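Note that the coordinates shown come from a computational prediction; the quantities given were computed from them, not determined experimentally.
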Amino acid sequence: MISSSVFPMLLAAGLPGYATALIAIATFAIGGGLGYFVYRFFVNKKFSSAREEAQRIVDEGKLEAKTLRKEALLEAKDEQHRMRSELDKETRERRAELQRQEQRLATRDEQLNKKEDVLDRKNSELDKIKQQLAQKEVDIMKRDDELKTKEGSIIKEIERVAGMTRDEAKAILVEGLIETAKKDAVTAAKEIEQKAKDEAERRAKEIVGLAVQKCATDHAAEIAISVVALPSDDMKGRIIGRVGRNIRALENATGVDVIIDDTPDVVTLSGFDPVRREIARITLEKLIADGRIHPARIEEMVDKVKHDIENDIKTAGEQAAFDASVFGLHPELVKILGRLKFRTSYGQNVLKHSLEVSYLAGIMAAELGADVKIAKRAGLLHDIGKAVDHEVEGTHISIGVDLAKKFKESNAVVHAIAAHHGDVDAKTLEAMIVQAADAISGARPGARRESIENYVKRLENIERIANSFKGVEMSYAIQAGREIRVMVKPEEVDDSQTYYIAKEIASKLEAELEYPGQIKVSVIRELRSVEYAK
């Protein structure tokens, strides 16, 4: 840089050529040396800076490497510690499992040793038994040979004594065995027949119980007399009338006896015909309400009441046939059926009894696969003879059969009516069903006056058994004895005990009482807390 600037200056000054060349060389040398030193300076400086930077990078690299190595060592130690812990845990678990397996194996080994000892003892016992059996077999074979020899001699002796050959004796023996087999077969047949009857009876009881559960009708116990209430005892004189003309006119028009005694405020009507008795009762009630009581008025009122009763009878018969779902009855037979509304048997209303028999017979026929229509029809008409048995000679069965034939009822219905009391053998399933339904309706507790005392006694016994248990406060037999509701004391019996009390009461009822169907035991526990705000 300096030589290049000085050289032109020298030329411009006019110096000689040689001097100028020297100066130029000197300038070039100085400039080159100066430039070299400057270059070296800068190069050394840059090299120094680069070296320092490289040293710094190396130092940082060493530091970072040292840090990374420390972190790697820490991670390695942590991983080593974790793996060692897992290994220790797994080792402990395996050791424990091995100990358990060893214990099980030891136990099993002990059991096997015991079983082996037992088997050894049994094997020795079996060997002894085999030896004994072998010895017995030898003895038996010897005895068998002896028996065969003796059998041959005995057979020859028997043939000599009996005077017959072995085949002849065998034929006699076979004949005797056949006779014995026949007797055994007859005995077995009787046993099978008896079992079949028992099973049939059991099944019949189930069906009857089902029918009784499904059927329930209202019944009212009626008696052979009617009682008319009077507003006062003065009315008795008016009913009697002057020299008894009113009472005679009423008795002649109705055909019943009017009993007037010392019983206050009542008049009793007595008559065998329930229709006449009902006519007399209604007539007398209307005469008392009207106030005009004299013979002409009595006859007029009796005629009017007879007409009303006839309509009532017809309506009752039609309603009964409709309720029983029995259609196509002859109109006259419907009227006769309606007369049963005023007929009672042992205190049981015959029309309601007939309806109940029809219901029961229909249910049982459906269960047994019989003809439901015939069963219900025969059940409704089975007591039809009782409607006119006070007017016609003969039993109500024969009268009913005649009426059924007269009004063109089927032979199956006629036969069921004839057989419902067992006077004729029941030849059809429907006749048997009507027979059973009639017995159920008549024997139902409370249906007839004859069994009412036993019925009440059974209810009392049910309540007595329930009250005998500890913690029972009171009990009530309801639904004609088909359910007993037991109230327990809440402070003595908790909810869980009510179940056991119900089971114990049911068990005691089954053991001590005889009853139709089933009895539902309901144990009720109620806790009431009462307080008054003042």
Side-chain angles (χ1 to χ4, degrees), residues 1-124 490-491 493-500 525 527-529 531 533:
M1 294 290 296
I2 297 174
S3 60
S4 60
S5 58
V6 172
F7 183 73
M9 291 176 63
L10 293 176
L11 291 176
L15 292 177
Y18 181 74
T20 302
L22 291 175
I23 293 171
I25 293 169
T27 302
F28 178 76
I30 293 170
L34 183 61
Y36 173 76
F37 285 112
V38 170
Y39 171 75
R40 292 289 299 174
F41 174 76
F42 283 107
V43 168
N44 290 334
K45 187 175 182 181
K46 287 183 180 181
F47 181 75
S48 177
S49 298
R51 188 168 50 190
E52 291 177 358
E53 181 67 20
Q55 186 65 37
R56 185 184 63 79
I57 292 171
V58 170
D59 293 340
E60 288 179 358
K62 289 181 179 180
L63 181 61
E64 185 176 358
K66 188 176 182 180
T67 304
L68 291 174
R69 186 171 57 185
K70 288 182 179 180
E71 291 177 356
L73 288 174
L74 290 175
E75 290 178 358
K77 288 181 179 179
D78 292 337
E79 181 67 18
Q80 183 181 8
H81 180 71
R82 183 183 63 78
M83 291 176 66
R84 184 175 295 173
S85 300
E86 292 178 356
L87 181 62
D88 293 342
K89 182 179 179 181
E90 185 177 357
T91 304
R92 287 195 299 271
E93 291 177 353
R94 290 187 178 181
R95 187 180 293 114
E97 181 64 24
L98 288 173
Q99 290 177 354
R100 287 193 295 269
Q101 289 181 359
E102 288 177 358
Q103 187 175 2
R104 285 197 296 268
L105 289 173
T107 305
R108 188 173 297 175
D109 189 27
E110 184 178 356
Q111 293 175 351
L112 290 174
N113 291 332
K114 290 181 180 179
K115 288 181 180 179
E116 188 177 359
D117 295 339
V118 172
L119 288 173
D120 291 339
R121 287 197 299 272
K122 288 185 177 181
N123 287 331
S124 61
E491 62 275 6
V493 179
D494 57 24
D495 291 337
S496 60
Q497 290 176 320
T498 57
Y499 172 78
Y500 298 103
R525 178 181 181 269
L527 180 62
R528 296 189 180 184
S529 301
E531 188 56 61

Within a radius of less than 6.0 Å around [atom1] of [X], do more than 12 heavy atoms belonging to other residues, nucleotides or ligands occur?
{"X": "Q103", "atom1": "CD", "answer": "no"}
{"X": "R108", "atom1": "CZ", "answer": "no"}
{"X": "R104", "atom1": "CZ", "answer": "yes"}
{"X": "E64", "atom1": "CD", "answer": "no"}

Any side-chain heavy-atom pair of [X] and [Y] under 4.5 Å:
{"X": "D494", "Y": "Q497", "value": "yes"}
{"X": "T67", "Y": "E71", "value": "yes"}
{"X": "M83", "Y": "Q80", "value": "no"}

- Short side-chain to backbone donor-acceptor contact, D109 and L105, under 3.5 Å: no
Next on the checklist: Would the distance check show the side chain of R525 and the main-chain N or O of V493 forming a donor-acceptor pair, the cut-off being under 3.5 Å?
Outcome noted: yes
Margin query: Between the side chains of R100 and E97, is the shortest nitrogen-to-carboxylate-oxygen separation below 4.0 Å, so that they form an ion pair?
Written below: yes
Presence of salt bridge, E90 and R94, under 4.0 angstrom: yes
Hey, could you give me the [atom1]/[atom2] distance between [X] and [Y], rounded to the nearest 0.5 Å?
{"X": "K77", "Y": "K70", "atom1": "NZ", "atom2": "NZ", "answer": "11.0 Å"}
{"X": "D117", "Y": "K115", "atom1": "CG", "atom2": "NZ", "answer": "12.5 Å"}
{"X": "R82", "Y": "D78", "atom1": "CZ", "atom2": "CG", "answer": "10.0 Å"}
{"X": "N113", "Y": "E110", "atom1": "CG", "atom2": "CD", "answer": "7.5 Å"}

Using the rule given for salt bridge (charged side-chain N to carboxylate O under 4.0 Å, His left out), can you reason through E52 versus R56, listing the C-alpha separation, both sets of side-chain angles and the distance that settles it, and then say yes or no? CA-CA 6 Å; E52 291 177 358; R56 185 184 63 79; over 6 Å; no
Output, in order, the C-alpha distance, side-chain angles, deciding distance and verdict of side chain to side chain contact (heavy atoms under 4.5 Å, CB included) for Q99 and R95. CA-CA 6 Å; Q99 290 177 354; R95 187 180 293 114; 3.9 Å; yes
